[in-house]
Colleague: 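Can you keep this structure in mind? I'll have questions shortly.
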Amino acid sequence: VDVALRDRWLQLAHQRVADAGLRSGAARSQVIELLAREGQCLLGAQQIVDRLRATGSAGSQASVYRVLEELHGLGLVHRSIDDQGIARYEIADPEGHHHHHFVDDETGAVEPFEDVALEDAIREAARRRGIALSGHEIVLKGTRVREGQPT
Amino acid sequence: VASSRSSEHAAEATPDRGDWARHAFERVAVAGHRSGGARRAVIEVLARQECCRSAQELHDEIRGGDRNVGIASVYRVLDLLLGLGLVQRIDIGSGVSMYEAALPGGEHHHHLLCTDCGQVVPFEDPGLERAIEATARRSGYRVEGHDVLLRGLCPTCPTG
């Protein structure tokens with residue numbers, strides 16, 4: 001866990017939720033705290049529900065889903081929806097650092113990656129089209145190469 | 001009548017997308033599904049699109065063509081086509097899924113979402129494709145597909 005990211009995101013989340021006039025209810029606070037601890041890379045909505053239940057949270061599935069969509073609407077989390085329609089969420093770093101994702105088609109596992117050359121290529125593609133870029137998402141899909149297998 | 005209408009619509013689509021429609025009809029048949037009116041209508045409308053569309057937009061276009069297909073049928077057909085790998089679903093962050101044909105030859109484009117006018121603009125960029133291939137080679141994955149979504153202001157918006 002990137003502790004500095006966790007702390008600055010928590011501070012921003014509480015501030016933005018308060019500014020939006022939302023109460024710090026139990027479900028909202030629990031989801032925010034879990035995302036700060038475990039949501040630095042994509043977590044499925046159902047995984048979030050399951051992890052909260054494992055800690056004894058009494059929040060309903062519907063309330064967790066509603067809070068996740070609220071946080072997405074407030075720009076506090078990034079959301080990714082895969083080909084099966086499964087939504088996953090991760091916290092949005094207030095300082096703008098970000099990563100992209102490999103998705104393993106066999107297992108569904110999601111792995112973060114960063115690539116400076118790819119970031120440069122994205123900026124260059126935007127510049128060529130006269131796009132004032134404010135964000136981007138890249139997902140690479142495939143299968144993890146096992147030892148001894150050709151890439 | 002249905003097959004004649006199908007031929008007319010295939011002729012309206014670009015060659016790649018006409019190929020996709022034929023490919024889609026074959027795959028649906030091989031999977032054991034009848035080529036019913038809703039399936040035919042959704043495939044034909046998808047084949048005419050240059051970029052992704054929501055289920056509601058596809059439904060509107062089907063109804064504009066005087067076909068009586070319900071929105072629930074459109075969703076069911078899209079789920080079937082997704083399951084067969086014939087369309088891809090794109091999340092542009094609006095909460096509404098967008099769909100477009102997954103061309104059998106692997107030809108594809110990426111998407112720019114204009115944060116001002118809301119328009120989704122398709123684009124292709126060989127330099128970006130090369131960078132993605134290089135990333136894939138370094139990754140330890142056998143990469144078979146990729147999605148790219150850019151967010152920003154499109155050149156035609158006054159603030160862009």
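Heavy atoms only: backbone and side chains are in, while hydrogens, waters and symmetry mates are out. Convention: sequence-line order gives letters A, B, ...; per-chain numbering from 1.
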Colleague: Among Leu82(B), Thr115(B), Asp91(B), which residue has the highest count of heavy-atom pairs closer than 4.5 Å to chain A?
Modeller: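 Between Leu82(B), Thr115(B), Asp91(B), the count favours Asp91(B).
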Colleague: Under a 4.5 Å heavy-atom cut-off, does chain B meet the side chain of His72(A), its backbone, both or neither?
Modeller: side chain
Colleague: Would Leu71(A) and Leu22(A) show up in the same hydrophobic cluster when neighbours are defined by side-chain heavy atoms closer than 4.5 Å?
Modeller: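 Yes, one cluster joins them.
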Colleague: Among Ala136(B), Ser97(B), Ser139(B), Gly127(B), which residue forms the greatest number of heavy-atom pairs with chain A at distances under 4.5 Å?
Modeller: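 Heavy-atom pairs under 4.5 Å are most numerous for Ser139(B).
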Colleague: Tell me, for Leu112(B) versus chain A, whether the close heavy atoms (under 4.5 Å) come from the side chain, the backbone, both or neither.
Modeller: side chain
Colleague: Are Val42(B) and Phe25(B) linked, directly or through other ILVMFWY residues, by side chains that come within less than 4.5 angstrom of each other?
Modeller: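 Val42(B) clusters together with Phe25(B).
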Colleague: Please examine the side chains of Val148(B) and Val139(A), heavy atoms only from C-beta on, and report whether any two atoms are closer than 4.5 Å.
Modeller: no
Colleague: Under 4.5 Å between side-chain heavy atoms, counting indirect links through other Ile/Leu/Val/Met/Phe/Trp/Tyr residues: same cluster for Val64(A) and Val17(A) or not?
Modeller: yes
Colleague: Any idea which heavy atoms bring Pro155(B) and Gly130(A) closest together, and the distance?
Modeller: CG-O, 3.8 Å
Colleague: Please flag which part of Asp105(A) lies under 4.5 Å from any non-hydrogen atom of chain B: side chain, backbone, both or neither.
Modeller: side chain
Colleague: Looking only at non-hydrogen atoms, find the nearest pair between Leu150(B) and His136(A) and report the distance.
Modeller: CD2-CB, 3.7 Å
Colleague: Distance from Lys141(A) atom NZ to His146(B) atom NE2, nearest 0.5 Å?
Modeller: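 Answer rounded to 0.5 Å: 9.5 Å.
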Colleague: Side-chain heavy atoms nearer than 4.5 Å, only ILVMFWY residues, links allowed to pass through others: does that put Val28(B) and Leu103(B) together?
Modeller: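 Looking at the clustering, Leu103(B) is in the same group as Val28(B).
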Colleague: Any idea which of Arg89(B), His110(B), Glu144(B) has the most non-hydrogen atom pairs under 4.5 angstrom with chain A?
Modeller: Arg89(B)
Colleague: So how far is it from Leu140(A) CG to Glu133(B) CD, rounded to the nearest 0.5 Å?
Modeller: 11.0 Å
Colleague: Counting only heavy atoms closer than 4.5 Å, note whether Arg129(A) contacts chain B via side chain, backbone, both or neither.
Modeller: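 Contact with chain B: backbone and side chain both.
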Colleague: May I ask you to name which of Asp120(A), Val103(A), Asp104(A) has the most heavy-atom pairs under 4.5 Å with chain B?
Modeller: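 The candidate making the most pairs under 4.5 Å is Asp104(A).
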Colleague: Got more than 12 heavy atoms from elsewhere within 6.0 Å of CZ, Arg63(B)?
Modeller: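 At most 12 heavy atoms, drawn from other residues, nucleotides or ligands, come within 6.0 Å of this atom.
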Colleague: With a 4.5 angstrom heavy-atom cut-off, is it the side chain or the backbone of Arg130(B) that approaches chain A, or both, or neither?
Modeller: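 When you check distances to chain A, no heavy atom of Arg130(B) falls under 4.5 Å.
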Colleague: Might you work through the side-chain contact (heavy atoms from CB on, under 4.5 Å) test for Leu128(B) and Glu124(A), ending with a clear yes or no?
Modeller: CA-CA 8 Å; Leu128(B) 180 55; Glu124(A) 185 59 23; over 6 Å; no
Colleague: Tell me which pairs pass salt bridge (charged side-chain N to carboxylate O under 4.0 Å, His left out) where either residue lies in residues 61-71 of chain A, with sequence neighbours left out.
Modeller: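 Of all non-adjacent pairs touching residues 61-71 of chain A, those that pass salt bridge (charged side-chain N to carboxylate O under 4.0 Å, His left out) are Arg28(A)-Glu70(A), Glu69(A)-Arg79(A).
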Colleague: Decide yes or no for Ile138(A) and Asp147(B): does some side-chain heavy atom of the first lie under 4.5 Å from some side-chain heavy atom of the second?
Modeller: no
Colleague: Might you confirm whether atom CG of Asp19(A) has over 12 heavy atoms from other residues, nucleotides or ligands at distances under 6.0 Å?
Modeller: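 Yes, because the 6.0 Å sphere around CG of Asp19(A) holds more than 12 heavy atoms from other groups.
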Colleague: Within the structure provided, determine whether Leu153(B) and Ile131(A) are in side-chain contact (heavy-atom separation under 4.5 Å).
Modeller: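 No, side chains not in contact.
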Colleague: Between Arg144(A) and Gly140(B), is there a donor-acceptor pair closer than 3.5 Å when you use the side chain of the first and the backbone of the second?
Modeller: yes
Colleague: Sort out for me which of Ser134(A), Ala126(A), Ala87(A) touches chain B most, counting heavy-atom pairs under 4.5 Å.
Modeller: Ser134(A)
Colleague: According to a hydrophobic-cluster definition based on side-chain heavy atoms being under 4.5 Å apart (Ile, Leu, Val, Met, Phe, Trp, Tyr only), do Val110(A) and Val143(B) belong together?
Modeller: no
Colleague: Tell me, which pairs form a ring pair (Phe, Tyr, Trp, His ring centres under 6.0 Å) where one or both residues lie in residues 48-97 of chain B, sequence neighbours left out?
Modeller: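 Qualifying pairs, neighbours excluded: none.
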Colleague: Measuring from Thr135(B):OG1 to Glu119(A):CD, what's the distance to the nearest 0.5 Å?
Modeller: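 The distance works out to 9.0 Å.
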